[in-house]
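Order of the sequence lines fixes the chain letters, A, B, ..., with proteins taken first and strands second; residue numbering starts at 1 for each chain.
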2 protein chains.
Amino acid sequence: MTVIFSKKCEYGLQAVLYLSAIEPGQIVSSDEIAKKLGIPKEFVSKILQSLTESGIVSSKKGKAGGFSLAKEPGKIRLIDIVAAIDGLGIFNSCVLGFPQCSPDHPCPLHEKWGKLRTEAYEMLTGETLDELRGKTMKKMKSL
Amino acid sequence: MTVIFSKKCEYGLQAVLYLSAIEPGQIVSSDEIAKKLGIPKEFVSKILQSLTESGIVSSKKGKAGGFSLAKEPGKIRLIDIVAAIDGLGIFNSCVLGFPQCSPDHPCPLHEKWGKLRTEAYEMLTGETLDELRGKTMKKMKSL
DNA sequence: ACAAAATCAGATTTTTTTATCTGATTAAAG
DNA sequence: CTTTAATCAGATAAAAAAATCTGATTTTGT
Ligand code: SF4
Ligand code: SF4
């Protein structure tokens with residue numbers, strides 16, 4: 001199957017987007033996130049754990065614990081989440097996976113693909129969670 | 001890991017590109033393709049088998065057998081290969097895999113992603129193997 | 001006719017990804 | 001202090017994708 005983000009990454013993006021839509025300062029449990037987004041609870045939990053290490057979300061243990069953003073939404077971009085989970089490999093490796101690829105012998109897709117890849121990168125880099133908040137909240141309310 | 005095409009699809013594209021670069025009428029064995037592209041031989045073989053069913057390549061059995069394009073390179077587009085192997089799902093399903101997604105409540109990426117997806121589609125649809133042949137041959141000679 | 005070299009078909013193995021389970025730790029609340 | 005509800009950590013299981021193996025069939029050339 002053709003895929004862009006791994007499941008892990010999809011879920012991570014969804015979860016962080018979810019966190020960016022709640023009241024600042026509030027905390028939500030992985031259970032709530034899992035239920036709202038229809039993701040296996042333990043999986044969400046694991047992913048958020050790894051994002052905690054990356055400094056994107058922060059966690060609070062114990063009763064009434066849960067997750068929240070670790071920094072202001074104005075300082076988090078979607079690319080940060082992708083980088084933390086899937087890495088940025090896709091943005092500097094080639095679509096076709098040709099061996100021994102050098103700029104001297106570009107494959108037929110090189111140019112166009114490069115352009116597209118840059119646009120994708122910009123899409124994920126351009127706006128912060130802050131700027132996306134309006135749309136995000138609408139989306140989350142509809143779940 | 002972030003991926004665009006499955007390995008199968010990558011290999012399929014590479015192999016068909018390879019076939020489009022040889023002399024018209026010639027036939028090459030899966031063994032040669034595998035060696036040149038550094039792909040497991042049986043895997044190439046399997047993928048080309050499936051592309052045979054899709055009518056993109058044709059195969060000749062027996063000694064001195066092998067594979068070749070099934071139609072003129074002017075009638076094959078990259079998207080045809082992708083469609084045959086990975087399907088076109090990616091072009092009408094959403095990046096983030098949100099459940100219950102309706103146009104009423106677009107996620108923050110909807111618009112930009114849609115645009116990008118269309119461009120990707122056009123990239124794979126726009127040119128035929130014929131038009132790519134120049135670059136393809138250069139690439140193949142460098143392997 | 002026979003041997004060699006190839007595809008074909010399908011089973012099997014290995015690896016990676018996705019998901020689940022279990023127990024420990026932590027912290028709030030009664 | 002004890003109960004409860006949460007994260008955390010790491011092992012394990014299940015599913016999917018990638019790769020390999022095996023044997024049959026087909027065709028060419030000797
Ligand atoms: S030439 Fe460029 S686009 Fe093509 S396979 Fe190599 S790196 Fe990728
Ligand atoms: S709103 Fe659009 S882009 Fe966003 S998840 Fe849904 S279909 Fe995908």
Side-chain angles (χ1 to χ4, degrees), chain A residues 1-15 19 22 26-35 37-70 85-87 89-90 96-97 99, chain B residues 1-15 19 22 26-70 82 85-87 89-90 96-97 99:
Chain A
M1 243 284 271
T2 330
V3 159
I4 294 261
F5 301 122
S6 67
K7 279 276 175 237
K8 247 187 208 165
C9 197
E10 278 185 9
Y11 292 162
L13 285 164
Q14 288 184 27
L19 291 178
I22 60 176
Q26 245 193 320
I27 282 181
V28 295
S29 69
S30 60
D31 198 52
E32 175 182 333
I33 299 175
K35 271 181 188 142
L37 300 174
I39 304 175
K41 178 186 158 188
E42 283 87 0
F43 208 16
V44 150
S45 186
K46 274 210 142 243
I47 294 164
L48 288 178
Q49 268 172 49
S50 82
L51 288 177
T52 300
E53 286 175 23
S54 313
I56 294 171
V57 312
S58 74
S59 68
K60 193 186 167 200
K61 292 186 186 177
K63 189 168 177 179
F67 296 91
S68 60
L69 295 183
I85 299 178
D86 276 349
I90 199 183
L96 293 188
Chain B
M1 244 284 272
T2 329
V3 161
I4 294 262
F5 301 123
S6 67
K7 281 274 174 235
K8 247 187 209 167
C9 197
E10 279 185 8
Y11 293 162
L13 285 164
Q14 287 184 27
L19 290 179
I22 60 176
Q26 244 194 320
I27 282 182
V28 295
S29 71
S30 61
D31 197 52
E32 174 183 335
I33 299 176
K35 271 181 189 142
K36 280 283 168 84
L37 300 175
I39 304 175
K41 177 186 158 187
E42 283 85 0
F43 208 14
V44 150
S45 186
K46 272 208 143 249
I47 294 164
L48 288 178
Q49 267 171 51
S50 83
L51 288 177
T52 300
E53 286 175 23
S54 314
I56 293 171
V57 312
S58 73
S59 69
K60 192 187 169 198
K61 290 188 188 176
K63 187 167 179 179
F67 296 91
S68 60
L69 295 183
V82 174
I85 299 179
D86 276 349
I90 199 183
L96 294 187

Note: A:D86 and A:S6 closest approach over all heavy atoms is OD1-OG, 2.7 Å
Can you give one letter per nucleotide of nucleotides 24-30 of chain D, 5' to 3': B if a protein heavy atom sits under 4.0 Å from the base, S if only from the sugar-phosphate, - if neither?
--BBB--
C:dT7, OP1 or OP2 - any side-chain N/O from B:S30 closer than 4.0 Å?
yes
Expressed as a whole number of angstroms, how long is the span from B:K8:NZ to C:dT16:C1'?
15 Å
Mind checking what makes side-chain hydrogen bond (donor to acceptor under 3.5 Å, both in side chains) contact with A:K41, not counting sequence neighbours?
none
Name all pairs fulfilling the ring pair (Phe, Tyr, Trp, His ring centres under 6.0 Å) condition that reach into residues 48-70 of chain B, sequence neighbours left out, sorted by first residue then second.
none
side-chain hydrogen bond (donor to acceptor under 3.5 Å, both in side chains) partners of B:T52, counting only residues at least two apart
none
Interatomic spacing from CD in A:Q49 to CD1 in A:I47 - rounded to 0.5 Å
10.5 Å
Applied to residues 39-61 of chain A, the ring pair (Phe, Tyr, Trp, His ring centres under 6.0 Å) test, sequence neighbours excluded, yields A:Y11-A:F43
If the condition is salt bridge (Lys or Arg N to Asp or Glu O under 4.0 Å), which residues does A:K63 pass it with, not counting sequence neighbours?
none
For C:dT18, take OP1 and OP2 only and decide whether either is under 4.0 Å from a side-chain N or O of A:Y11.
no
Ignoring the backbone of A:K7, work out which of D:dA18, C:dT18, C:dC21 is nearest its side chain.
C:dT18
Gap between atoms CZ and C1', on B:F67 and C:dA6 respectively (whole Å):
9 Å
Residues forming a salt bridge (Lys or Arg N to Asp or Glu O under 4.0 Å) with B:K7, sequence neighbours excluded:
B:E10
Provide, to the nearest angstrom, the distance between the CG atom belonging to B:D86 and the P atom belonging to D:dA16.
16 Å
Please identify each residue that fulfils salt bridge (Lys or Arg N to Asp or Glu O under 4.0 Å) with B:K60, with sequence neighbours left out.
none
Report each atom pair, protein N/O against N/O of nucleotides 10-12 of chain D, whose distance is under 3.5 angstrom.
none

Output the rounded distance in Å from CZ (A:F43) to P (D:dA13).
18 Å
B:P40 vs A:G65, nearer the 5' end of DNA chain D by closest nucleotide
A:G65
Without decimals, in angstroms, what is the distance between A:E42 CD and D:dA14 P?
15 Å
A:K41 NZ to C:dA19 C1', straight-line distance once rounded to whole Å:
14 Å
What is the separation between atom CG on B:D31 and atom P on C:dA5, rounded to the nearest whole Å?
11 Å
Using whole Å, report how far CG of A:L51 lies from P of D:dA9.
14 Å
